[in-house]
A.B. asks: 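Before anything else, here's the structure in question.
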Amino acid sequence: EVQLVESGGGLVQAGGSLRLSCAASGFDGFGFDDYAIAWFRQAPGKEREGVSCVSRIDDSTWYTDSVRGRFTISSDNAKNTVYLQMNSLKPEDTAVYYCAAARYYACAGGPYDMTYWGKGTLVTVSS
């Protein structure tokens with residue numbers, strides 16, 4: 001079973017940057033490239049929302065409107081790790097950020113049907 005471990009969360013001032021990492025393992029005989037990896041977040045009292053997604057299935061990346069231009073998703077196949085570089089952070093970016101994966105998933109339309117989930121990492125942006 002695919003396992004996902006997030007890291008890199010923390011406390012940062014508004015306007016600052018953080019880089020989240022999602023280390024993936026246990027691909028059930030498939031390759032890292034067979035999986036789309038997405039980032040979600042859930043703020044206190046709010047529903048979980050998709051933030052970004054990357055997939056080699058359709059060579060796509062996807063961002064929700066509120067982070068486009070500030071966040072960048074990337075992957076390191078040698079390390080089986082996906083990163084989320086977050087710049088120009090705002091207090092409204094405060095949330096628990098989760099990494100998720102789905103096999104043979106195309107990200108062009110956004111991350112909606114993810115199968116595997118990490119436990120999350122907390123990002124707090126102070127004003």
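In what follows, every heavy atom counts, from backbone to side chain, and hydrogens, waters and symmetry copies are set aside. Computed from a predicted structure; not experimentally measured.
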A.B. asks: Quick one: closest heavy-atom pair of S55 and A106, and the distance?
C.D. replies: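 Heavy atoms of S55 and A106 come nearest at OG-CA, 4.0 Å.
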
A.B. asks: Taking the side chain as every heavy atom from C-beta outward, state whether C22 and T81 have any atom pair closer than 4.5 Å.
C.D. replies: no

A.B. asks: Do I57 and W62 belong together in a cluster built from hydrophobic side chains that touch within less than 4.5 Å?
C.D. replies: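 No, no single cluster joins them.
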
A.B. asks: How long is the span from the SG atom in C99 to the CG atom in L20, to the nearest 0.5 Å?
C.D. replies: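 Answer for the SG-CG pair, C99 versus L20, is 9.5 Å.
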
A.B. asks: Could you grab the distance from atom CZ of R19 to atom OG1 of T72, nearest 0.5 Å is fine?
C.D. replies: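 The OG1 atom of T72 is 11.5 Å from CZ of R19, to the nearest 0.5 Å.
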
A.B. asks: Y98 and G118: which non-hydrogen atoms are nearest, and at how many Å?
C.D. replies: CD2-O, 3.6 Å

A.B. asks: Do D65 and R68 sit within salt-bridge range, that is, some charged N less than 4.0 Å from a carboxylate O?
C.D. replies: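 Looking at R68 together with D65, the answer is yes, because their closest N to O distance falls below 4.0 Å.
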
A.B. asks: Looking at every non-hydrogen atom in both residues, tell me the closest pair between R48 and Q42 and how far apart they are.
C.D. replies: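 Closest approach of R48 to Q42: N-NE2, 3.8 Å.
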
A.B. asks: Would a single hydrophobic cluster contain both Y116 and V82, if residues Ile, Leu, Val, Met, Phe, Trp and Tyr are joined by side-chain heavy-atom contacts under 4.5 Å?
C.D. replies: yes

A.B. asks: For the residue pair S126 and T124, establish whether any side-chain heavy-atom pair is separated by less than 4.5 Å.
C.D. replies: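 S126 vs T124: side chains apart.
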
A.B. asks: Enter the distance from C107:SG to Y112:OH here, rounded to the nearest 0.5 Å.
C.D. replies: 11.0 Å

A.B. asks: Hey, what's the ring geometry for Y35 with F30, parallel, tilted or perpendicular (30° and 60° as the breaks)?
C.D. replies: perpendicular

A.B. asks: Strictly below 4.0 Å, N to O, side chains only: are R56 and D34 in salt-bridge contact?
C.D. replies: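 Salt bridge flag = no for D34 with R56.
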
A.B. asks: Could you tell me whether R41 and E49 have a side-chain N and a carboxylate O separated by less than 4.0 Å?
C.D. replies: yes

A.B. asks: Do F40 and L122 sit in the same hydrophobic cluster, where Ile, Leu, Val, Met, Phe, Trp and Tyr count as joined when their side-chain heavy atoms come under 4.5 Å apart?
C.D. replies: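 Yes, because F40 and L122 connect within a single hydrophobic cluster, where side-chain heavy atoms sit under 4.5 Å apart.
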
A.B. asks: Is there a side-chain contact between S52 and L84 in this structure, where contact means two heavy atoms from C-beta onward sitting under 4.5 Å apart?
C.D. replies: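 When only atoms from C-beta onward are counted, L84 and S52 do touch, with a gap below 4.5 Å.
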
A.B. asks: In terms of hydrophobic clustering (I, L, V, M, F, W, Y; side-chain heavy atoms under 4.5 Å; direct or indirect links), are L4 and F32 co-clustered?
C.D. replies: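 The answer is yes; both residues are in one hydrophobic cluster.
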
A.B. asks: Could you check whether any side-chain heavy atom of Y63 comes within less than 4.5 Å of a side-chain heavy atom of I73, counting everything from C-beta outward?
C.D. replies: yes

A.B. asks: Could you walk me through whether Y105 and D58 pass the side chain to side chain contact (heavy atoms under 4.5 Å, CB included) test, one step at a time?
C.D. replies: CA-CA 8 Å; Y105 188 85; D58 60 348; over 6 Å; no

A.B. asks: What are the two closest non-hydrogen atoms of M114 and A36, and how far apart are they?
C.D. replies: CE-O, 3.8 Å

A.B. asks: Can you get from V51 to V123 by hopping between Ile, Leu, Val, Met, Phe, Trp and Tyr side chains that sit under 4.5 Å apart?
C.D. replies: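 Yes; tracing contacts between hydrophobic side chains, which count when under 4.5 Å, links both residues.
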
A.B. asks: Taking the side chain as every heavy atom from C-beta outward, state whether W117 and V2 have any pair of such atoms under 4.5 Å apart.
C.D. replies: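 No. Closest side-chain heavy atoms not under 4.5 Å.
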
A.B. asks: Donor-acceptor pair, distance only, cut-off 3.5 Å: does the side chain of E6 make one with the backbone of G120?
C.D. replies: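 Judged by distance alone, yes, a pair lies under 3.5 Å.
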
A.B. asks: Which value, rounded to the nearest 0.5 Å, describes the distance between Y97 atom OH and W39 atom CH2?
C.D. replies: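 Going from the OH atom of Y97 to the CH2 atom of W39 covers 10.0 Å.
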
A.B. asks: Would you say N87 and S17 are linked by a side-chain donor-acceptor pair, where the criterion is simply a distance under 3.5 Å?
C.D. replies: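 The answer is yes; a qualifying pair exists.
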
A.B. asks: Do V96 and T121 come close enough that some side-chain heavy atom pair is under 4.5 Å?
C.D. replies: no

A.B. asks: Mind checking the CG-CE spacing from D93 to M86? Nearest 0.5 Å is all I need.
C.D. replies: 7.0 Å

A.B. asks: CG/L18 to CZ/F71 distance, rounded to the nearest 0.5 angstrom?
C.D. replies: 9.0 Å

